[in-house]
Amino acid sequence: MSSANNKTRPTPARRLRTMHETLAQAYGPQHWWPAKTPFEVILGAYLTQNTAWKAVERSLANLKNAGAVTLEGIRALPVEKLQELIRPSGFVTRKAQAVKAFVALVDEEFRGSLARVAATPAGPLRTRLLGLPGVGPETADAILLYAFGKAVPMADEYLRRIVERHRLISPAPNHNRKGYEALTSLTRDAFAADSPNRHADLYNEFHALVVAVGKAHCGRTAKCGGCPLAGDLQRYGPKVL
DNA sequence: CGCCAGGCCGTGT
DNA sequence: ACACGGCATGGC
């Protein structure tokens with residue numbers, strides 16, 4: 001046997017489901033995504049790529065002042081002006097072009113209607129989004145889940161760290177596409193026993209809680225002191241990193 | 001003043 | 001397939 005308590009150790013999916021409850025107790029309802037409209041969610045999803053949310057807030061404030069938190073607002077904006085407005089969140093060349101490309105997709109393939117985009121089934125829509133420049137799996141899933149309410153689990157750097165540090169999955173290949181899918185697959189498994197009509201809400205809340213705990217405790221170096229999940233790690237994990 | 005943030009992409013092996 | 005830098009900017 002590899003360890004003394006193998007028999008009583010829950011499956012990784014079970015542990016993750018329990019961690020969701022622990023986080024929900026610790027942090028309460030998160031009311032995600034922090035945005036008023038689906039399009040604002042989408043803009044935030046682009047802008048927050050490898051960027052602190054605080055910086056995204058300043059960019060969104062700039063866009064609001066310019067009346068550009070709408071499809072038509074972005075359409076009317078020259079890319080140079082768009083770059084200027086989103087400058088606080090960095091990677092402006094790429095992000096401005098990427099946002100323009102999203103609007104172009106809506107215009108050219110959905111006749112300018114975000115509602116028509118939202119009405120598209122999650123699978124095909126995910127493929128379309130992944131075909132856009134500046135949209136990887138996480139951005140695509142954030143849009144599907146938080147802008148359009150699809151029952152799509154999402155993962156991020158924080159979840160990867162939590163899952164790795166708690167040894168829920170093997171040390172794993174770094175960062176690549178396969179690693180991301182392992183995380184979303186594990187998340188699906190974690191909530192598989194829950195009613196399907198609750199999955200969208202559960203995925204929504206779970207990721208929001210992961211970010212909440214992640215910001216406080218799951219930086220590049222772990223800050224496990226005071227972490228609500230420390231008990232789980234102590235009980236089942238080999239050691240705190 | 002360095003490190004880093006709610007990733008993605010191109011290039012090299 | 002997978003590792004590795006670069007990408008821009010501002011907070012702490």
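Note on naming: letters A, B, ... go to the chains in the order of the sequence lines (proteins, then strands), and numbering restarts at 1 for each one.
- Contact check, A:Arg58 against C:dG11: a side-chain N or O comes under 4.0 Å of OP1 or OP2.
- Atom P of nucleotide B:dC8 and atom NZ of A:Lys178 are separated by 18 Å, given to the nearest angstrom.
- Inter-residue side-chain proximity for A:Val211 and A:Trp32 is flagged as met; some heavy-atom pair is nearer than 4.5 Å.
- Under 4.0 Å is where a charged nitrogen must lie from a carboxylate oxygen, and between A:Lys178 and A:Glu181 no such pair does.
- Whole-Å rounding puts the A:Glu138 CD to B:dG6 C1' distance at 6 Å.
- A residue-by-residue look at A:Gly134 and A:Asp156 shows that A:Asp156 has its nearest nucleotide of DNA chain B further toward the 5' end.
- Annotation: of the two residues near DNA chain B, A:Lys54 and A:Leu132, the 5′-most nearest-nucleotide partner is A:Lys54.
- Note: the hydrophobic cluster containing A:Val135 does not contain A:Phe91 (ILVMFWY, side chain heavy atoms under 4.5 Å, direct or indirect links).
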Take A:Thr51 and A:Lys95, measure what side chain to side chain donor-acceptor pair (under 3.5 Å) needs, and give me the verdict at the end.
CA-CA 11 Å; A:Thr51 303; A:Lys95 285 175 178 176; 2.9 Å; yes

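- Rounded to an integer number of Å, the gap from CG of A:Asp141 to P of B:dC8 is 9 Å.
- Nucleic acid contact class of A:Val210 (heavy atoms, under 4.0 Å, all strands): none.
- Within the 4.0 Å cut-off from OP1 or OP2 of C:dA8, at least one side-chain nitrogen or oxygen of A:Thr93 is found.
- For the pair A:Asn50 CG and B:dC3 P, the interatomic distance rounds to 15 Å; values are reported in whole Å.
- Between A:Trp53 atom CH2 and B:dG7 atom C1' there is a gap of 14 Å when expressed in whole angstrom units.
- Per the geometry, CG belonging to A:Leu129 stands 15 Å off C1' belonging to B:dC8, to the nearest Å.
- Minimum atom distance to the side chain of A:Tyr158 is reached by B:dG6, of the listed B:dG6, C:dG6, B:dC4.
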Between A:Asp141 and A:Tyr180, is a side chain to side chain donor-acceptor pair (under 3.5 Å) present by the stated rule, with each step listed?
CA-CA 11 Å; A:Asp141 289 338; A:Tyr180 181 88; 2.6 Å; yes

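- In this model, no side-chain donor or acceptor of A:Arg94 finds a partner on the base of B:dC9 within 3.5 Å.
- One atom, NZ of A:Lys95, and another, P of C:dT9, lie 11 Å apart when rounded to the nearest Å.
- Listed pair A:Arg161 / B:dA5 meets the phosphate criterion, a side-chain N or O lying under 4.0 Å from OP1 or OP2.
- Ring stacking holds between A:Trp32 and B:dG6, with the centres under 5.5 Å apart and the planes within 30 degrees of each other.
- If you check residues 81-91 of chain A against DNA chain C, the residues with a heavy atom closer than 4.0 Å are A:Arg87, A:Pro88, A:Gly90, A:Phe91, listed by number.
- Remark: A:Glu84 does not engage A:Arg87 in a salt bridge, criterion side-chain N to carboxylate O under 4.0 Å.
- Of the options A:Leu168, A:Ile162, A:Leu159, a side-chain contact (heavy atoms from CB on, under 4.5 Å) to A:Leu183 is made by A:Leu159 and by none of the others.
- A:Leu60 has its CG atom 14 Å from the P atom of B:dG6, to the nearest Å.
- For B:dG6 and C:dA3, the C1' atoms lie 23 Å apart once the distance is rounded to whole Å.
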